[in-house]
Amino acid sequence: MTTDMSELADVLARRAKVAGGRAVETIPVILALADAAARLAAFVAQPSADGSHGAYVGAANSDGDAQRKLDLVAEEICQAAARASGVGPYLSEETEAALTLDPAGALAMAIDPLDGSSNIAVNGVIGTIFALLPAPPGSLATPALAFAQPGHAVIASGFFMYGPQTRLVVSLGAGVDIFALDPDTGRFVLFESAATVPAGGREFAINASNARHWAAPVRRYIDACLEGADGPRGVDFNMRWAGSMVADVYRLLGRGGVFLYPSDARSNYAQGRLRLVYEAFPMAFLIEQAGGRAIDGHDRILDLTPSRPHQRIPLILGEAEEVEVLRRLHADDLGAPSEGPASRRGAA
Ligand code: AHG
Ligand code: MN
Ligand code: MN
């Protein structure tokens, strides 16, 4: 299959004109990633001879997660696309440290090549999440510098979702567009432009199996949702948890609601589970571009400056008003007596 990027290229060029700045520079990189994603989608759809896509390879990634075969295939395909399209500094969930790919690269890429790894074994939705940032002075020699920039340095971000259809959700800073891959023609077809996070979604996504470990603000929010029409919110809520952030965040576009992966009291979850640079930054950029908000409980995600490349962050994103409800609960909690290690701001 050859991929036809003409429609995607046209739409991105129009958005880049509106966005201005360096947005236009991101287009060749996004097109190269789209081509890589189409090949990854075809690979994923192909039954492996021994059913081993989800098999562990006996190694661990930067954060200690066991790597699966598909994590490594996705890394290889995405890194090759980044290199071929002139990306300089490169940071992936699957690389120990930041790398320099093109020694003359003007853009940096942060990427989660395969999001939702635990879904591979159950044929569930998986994806690829990316953000493009400027390569600041000195970052070609010391690529980690590119990933020490605050989130508002992000120029463009997006994610590919490998589900019943392969879709691309992307923003160059002038709204959010959604494309669907036609597997017969290899064409990314515009599916929805100016996608938004509507208000009134009344839906939350959180891994409720961790409820006993949550801090008070999250517990109070979810308890009120669960009380539904009989509780303080006076309305029933729905719940979803896909186990892959791409699927849960995709649902916010068009349906609204909130997604939470908060800090909790388990060991190693004092900063939640998701990574700031290549999971939270790209998703926060998209959700803000769609009219929603993204915070760590207190502060805007895109105002945070990473202290290390693979840093984790508690993440709450979705409808602006629901995120505000959660921000207030966290702010109120700062004045309240501590109920445990994860309820204090320093641990949140
Ligand atoms: P990854 O597969 O890149 O490690 O990311 C998985 C993430 C995210 O997609 C999802 O929301 C979350 O981990 C699921 O975590 P739990 O298994 O703790 O629910
Ligand atoms: Mn991930
Ligand atoms: Mn991953």
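Because the structure is a prediction, the values reported are computed rather than measured. Numbering of ligands and ligand atoms starts at 1, following listing order. Along the sequence shown, residues carry numbers from 1.
Among the candidates Val197, Ile295, Leu260, Ile287, the single residue satisfying the side-chain contact (heavy atoms from CB on, under 4.5 Å) test with Val323 is Ile295.
Per residue Asp115, closest N, O or S atom to the Mn ion (ligand 2): atom name OD1. Taking the Mn ion (ligand 2) as reference, the nearest N/O/S atom within Asp112 carries the name OD2. The atom of Glu279 that is an N, O or S and sits closest to the Mn ion (ligand 2) is OE2.
Each of the following atoms of ligand 1 lies closer than 4.0 Å to a heavy atom of Asp112: 3 (O). Each of the atoms 9 (O) of ligand 1 lies under 4.0 Å from some heavy atom of Ser244. Remark: ligand 1 atoms within the under-4.0 Å shell around heavy atoms of Glu279 are 3 (O), 5 (O). The contact set between ligand 1 and Trp241, taken as ligand atoms under 4.0 Å from a residue heavy atom, comprises 11 (O), 14 (C), 19 (O). Close contacts between ligand 1 and Ser117 involve ligand atoms 2 (O) [criterion: under 4.0 Å to a heavy atom].
The environment of Glu7 atom CD is dense: over 12 non-hydrogen atoms of other residues, nucleotides or ligands sit within 6.0 angstrom. Heavy atoms of other residues, nucleotides or ligands lying less than 6.0 angstrom from CD of Glu324 number more than 12.
Neither the backbone nor the side chain of Arg266 has a heavy atom within less than 4.0 Å of ligand 1. At a heavy-atom cutoff of 4.0 Å, ligand 1 is contacted by the backbone of Leu114 but not by its side chain. Residue-level proximity to ligand 1 for Asp115 is carried by backbone and side chain together, each with a heavy atom below 4.0 angstrom. Contacts with ligand 1 closer than 4.0 Å are made by side-chain heavy atoms of Asp65 only, the backbone lying farther away.
In this structure, the side chain of Glu319 engages the main chain of Gly200 through a donor-acceptor pair within 3.5 Å. For Arg22 (side chain) and Ala106 (main-chain N/O), a donor-acceptor pair under 3.5 Å exists by modelled atom type. At least one donor-acceptor pair under 3.5 Å links the side chain of Thr26 to the backbone N or O of Ala23. For the pair Ser157 (side chain) and Ala131 (backbone), a donor-acceptor distance under 3.5 Å is absent. Checking side-chain atoms of Gln149 against main-chain N and O of Ala146 turns up a donor-acceptor pair under 3.5 Å.
Looking only at side-chain heavy atoms (C-beta outward), Asp115 and Thr128 stay at 4.5 Å or farther from each other.
Residue side and main chain included, Leu114 places an N/O/S atom under 2.8 Å of the Mn ion (ligand 3). Residue Glu93: no N/O/S atom is found under 2.8 Å from the Mn ion (ligand 2).
Below 3.5 Å of separation, one finds an N or O of Glu93 facing an N or O of ligand 1. Taking only nitrogen or oxygen atoms, main chain and side chain alike, Asn210 does not reach within less than 3.5 Å of ligand 1. Residue-to-ligand polar distances keep Tyr269 apart from ligand 1: every N/O pair is separated by 3.5 Å or more. In terms of polar-atom proximity, defined here as any N/O pair under 3.5 Å, Met245 does make such a contact with ligand 1.
Ligand 1 is approached by Leu274 to a heavy-atom distance shorter than 4.0 Å. For Glu94, the closest heavy-atom approach to ligand 1 does not fall below 4.0 Å. Within the structure, ligand 1 lacks Ile129 among the residues with a heavy atom less than 4.0 angstrom away.
With ring centers used as reference points, Trp241 lies under 6.0 Å from Phe259. The six-membered or imidazole ring of His152 lies away from that of Phe285, with a centre-to-centre distance of 6.0 Å or more.
Judged by a 6.0 Å distance limit and a 45° cone about the ring axis, Arg240 is not positioned over the six-membered ring of Phe204.
Atom 12 (C) of ligand 1 has as its closest protein heavy atom Arg273 NE, 3.7 Å. Protein heavy atom at the shortest distance from atom 18 (O) of ligand 1 is Tyr261 OH, 2.6 Å. Protein heavy atom at the shortest distance from atom 1 (P) of ligand 1 is Gly116 N, 3.8 Å. When hydrogens are left out, the protein atom nearest atom 17 (O) of ligand 1 is Asn207 ND2, 4.4 Å; that is the closest non-hydrogen contact. Summary of contacts: the protein heavy atom closest to atom 10 (C) of ligand 1 is Gly243 O, 3.6 Å.
Ring geometry, Tyr269 versus Tyr261: the interplanar angle falls under 30°, so the pair is classed parallel (tilted spans 30 to 60°).
A side-chain donor from one of Ser117 and Asp71 sits under 3.5 Å from a side-chain acceptor of the other. Glu203 and Asn238 are linked by a side-chain donor-acceptor pair at a separation below 3.5 angstrom, with hydrogens and angles left out of the test.
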